[in-house]
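Before any comments, here is the structure.
Note on naming: letters A, B, ... go to the chains in the order of the sequence lines (proteins, then strands), and numbering restarts at 1 for each one.
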Number of protein chains: 2
Amino acid sequence: MVKRPTLQDVAAEAGVSPATASYALRGQRGSDATVERVRQAAERLGYDADPIARALATGSTGTVGVLCGSTRDLWQQRLAVDLSRALMARGRHAVVADADGDPGRERALLAKLREQRPDGLLVAPLDPDAAHWHDVAERFPVVCVGEQLPRAPSAGAVVFDNDAGMALVFDHLAGLGHRRVAVVLTARPSTPDRPAEDLVRRHAARVGVSVVLVHPPPATADVADLRDHLAAALAGPAAGVSVVFCLSDSLAFAALRAAAVRGLAVPDDLSVVGFEDLDVADLVGPGLTTMSWGEETVVDAAVGQLLVSIEDDVAPARSTIAPRLVVRGTTGPAR
Amino acid sequence: MVKRPTLQDVAAEAGVSPATASYALRGQRGSDATVERVRQAAERLGYDADPIARALATGSTGTVGVLCGSTRDLWQQRLAVDLSRALMARGRHAVVADADGDPGRERALLAKLREQRPDGLLVAPLDPDAAHWHDVAERFPVVCVGEQLPRAPSAGAVVFDNDAGMALVFDHLAGLGHRRVAVVLTARPSTPDRPAEDLVRRHAARVGVSVVLVHPPPATADVADLRDHLAAALAGPAAGVSVVFCLSDSLAFAALRAAAVRGLAVPDDLSVVGFEDLDVADLVGPGLTTMSWGEETVVDAAVGQLLVSIEDDVAPARSTIAPRLVVRGTTGPAR
DNA sequence: CCAGCGGAGTGAAGCGCTTCACTGGCCGTG
DNA sequence: CACGGCCAGTGAAGCGCTTCACTCCGCTGG
């Protein structure tokens, strides 16, 4: 277990003071000759600055906290991983925490994350209305993805243009001649956003289709529960619809299974639309028609806004992501 | 921006020296009365030890690095997230790095991660044979998941009992009366493990089924490429098989689509078996029959072994995960 | 009755880095 | 020629915590 070289060692090797070495290595000061000499000494010794000591001295850790409401949600799972990757690519480290669906844990993890003194926070909240967002946004740059934090005016946000998204979906459906659609709402927490029911109603009305709203079972439901729940809806209140539009892709998968249970062929008897564009949407069955927000766009926006805020010491920006409808195999003309 | 209280402040508030406060808060020394007084002072001030300063003083960061070969791989995506969650639950922070399929990046990220001075490392390597694993395992506790690190004898590992897994799959298939199966190999990197071809051959021979091996297209292939590739195989070399056994679930999904392209009904005309048990395996179509290693078991083993190694300063253990065959809707009797 | 012991409490020295405030040349300007 | 300004280089003071080594005290046992 050989000791790592310290700045002292480099300074000694180069024949300068530690202060000079410190400045030189960061290219902040010093004559070209000295800088070069120090650099070579560092090279020779295999020196790398200790980020811990640096963090203590500067008060900045180079770390960004990522707090997710529930990574059991496939969309958030991917989000967490992609945010980490993007942060790493931009020279920062991500430490990710997952509240796993429990608002109490969200609070606790937020506290833990704060202790870590991150330079900033990226959050996909369970409860955007919670009071703790306010406190934390006062002390750290925070960017929230998927929604606004109403209690934290100083936080940035990357939100989805659900109005436009709804418009695309209903235009698509109306264009295929559908007149009756079931809309399956999501249970919080989940999905990029939960467009308000009135968005649904407005766009349905605009294109002249009638809507039956289906509420999802509680978040604890497993796949079989979801399937049965939707199959029941299809047999009951939603009987006779030609489309099931689900406000999350996971729900849409369950809807596909429910259709099978009811003996309905997709998309011939029943069209199914999702709302997320998970990786697997393209992988399964006929390919799920779904709303996409462009994972990369979302991640770039969130990370970009946060880093600008950190580096320039300004309040993080807010931005809106435009939707794209990805038409695959689960939608077809109404019969 | 109000300054956080420091240990000094707490000590002053409690009327003791910083040293006493430090010991007291960690319950290491001090009379009950003093400990209580310090605790209350800390409470009153809302004190929380600064982990950076602590790390500098103790040399231990409480952080564990997680290095993944490619989180585009859905199995690794989930693994990364679940490892993070498990670490957090055990009081540590995870910083996750993702080589994104590039061995050069794997090397670079490993270097970055080392600089962070993590207490240990959890890796799902792109190239288990790479020389850098040796160096790093000498300096940090390392647990590798999915395979052994042949060059790093001091590293721990969580490996899969592929022999048993193959046995289960072929027993299942033979039991259903299948006589000819196509086995789709995976391109590295991916999947819990790539059982050697000879495992396949041996178990196929044991139960008396014939095997046609299908090599996958390069890792850069997208879903459509995979589907077409497999559809072509089904029309060519693999024509007439009654089962497609894929050594990853993603491949299995592609196989399902290929079957559709060829007009084969699953499982009536063709059975499909995967090898991973992704979350979505249960979500899509008839539900994918697949080998499962039990995500939780794997994560617990990896994290457990690493933490034991860190805390007791011993070499990390090696363990083997027993497989479970999850029979869902994509396998049925041979016709 | 006193030596000796152990536990409570403390001062101070780090951990490895940054940065403030300062010194001492060197150069350009009046 | 004298002076001011500028910049390379430096010593030392932290950042907030842990921990070593020490003092002091009250007890116990011989």
Length of the [atom1]-[atom2] vector between [X] and [N], whole Å:
X: A/D32; N: D/dG9; atom1: CG; atom2: P; answer: 10 Å
X: B/R4; N: D/dG16; atom1: CZ; atom2: P; answer: 9 Å
X: A/L25; N: C/dC17; atom1: CG; atom2: C1'; answer: 11 Å
X: B/D50; N: C/dG16; atom1: CG; atom2: P; answer: 17 Å
X: A/Q8; N: D/dA12; atom1: CD; atom2: P; answer: 12 Å
X: B/Q28; N: D/dT19; atom1: CD; atom2: P; answer: 7 Å
X: A/I52; N: D/dG16; atom1: CD1; atom2: P; answer: 15 Å
X: A/R26; N: C/dG16; atom1: CZ; atom2: C1'; answer: 13 Å

Is [X] close enough to [N] that one of its side-chain N or O atoms is under 4.0 Å from OP1 or OP2 there?
X: B/R117; N: C/dG16; answer: no
X: A/S17; N: D/dT10; answer: yes
X: B/T6; N: D/dC15; answer: no
X: A/S22; N: C/dT19; answer: no

Nearest of [options] to any side-chain atom of [X]?
X: B/T20; options: D/dT10, C/dC17, C/dT10; result: C/dT10
X: B/A19; options: C/dC15, C/dG11, D/dC17; result: C/dG11
X: A/T34; options: D/dT18, D/dA8, D/dG16; result: D/dA8
X: B/Y23; options: C/dT18, C/dG16, D/dT19; result: D/dT19
X: B/R54; options: C/dC17, D/dT18, C/dT10; result: D/dT18
X: A/T58; options: D/dG9, D/dT18, C/dT18; result: C/dT18
X: A/A53; options: C/dT10, C/dC17, D/dT10; result: C/dC17

**Earlier contact from the 5' end, DNA chain C, for B/R37 and B/L56** =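 Comparing both residues, the 5'-ward one is B/R37.
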**From CA spacing to verdict: side chain to side chain contact (heavy atoms under 4.5 Å, CB included), A/W133, A/V123** = CA-CA 10 Å; A/W133 300 122; A/V123 304; 3.7 Å; yes
**Message:** Within this structure, what is the CG-CG distance for the pair B/L113 and B/L110, rounded to the nearest 0.5 Å?
**Reply:**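 Rounded to the nearest 0.5 Å, the CG-CG separation comes out at 6.5 Å.
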**Prompt:** So, A/Q305 versus A/S319: side-chain donor-acceptor pair below 3.5 Å or not?
**Reply:**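 Yes, side-chain donor-acceptor contact under 3.5 Å.
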**Item:** Side chains of B/R90 and B/V303 in contact at under 4.5 Å (non-hydrogen atoms)
**Value:**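 Heavy-atom side-chain distance check passes, below 4.5 Å.
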**Request:** Report yes if some heavy atom in the side chain of A/R4 is under 4.5 Å from a heavy atom in the side chain of A/D50; otherwise report no.
**Result:**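 Of all side-chain heavy-atom pairs linking A/D50 with A/R4, at least one is under 4.5 Å.
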**Request:** With heavy atoms under 4.0 Å as the rule, sort B/A55 into base, sugar-phosphate or nothing.
**Result:**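 Counting heavy atoms under 4.0 Å across all strands, no contact is made by B/A55.
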**Asked** Does the base of D/dG9 carry an N or O that pairs as donor and acceptor with the side chain of A/R29 under 3.5 Å?
**Response**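 Indeed there is one.
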**Request:** Could you walk me through whether A/E311 and A/R92 pass salt bridge (charged side-chain N to carboxylate O under 4.0 Å, His left out), step by step?
**Result:** CA-CA 12 Å; A/E311 279 152 24; A/R92 302 192 171 250; 3.3 Å; yes
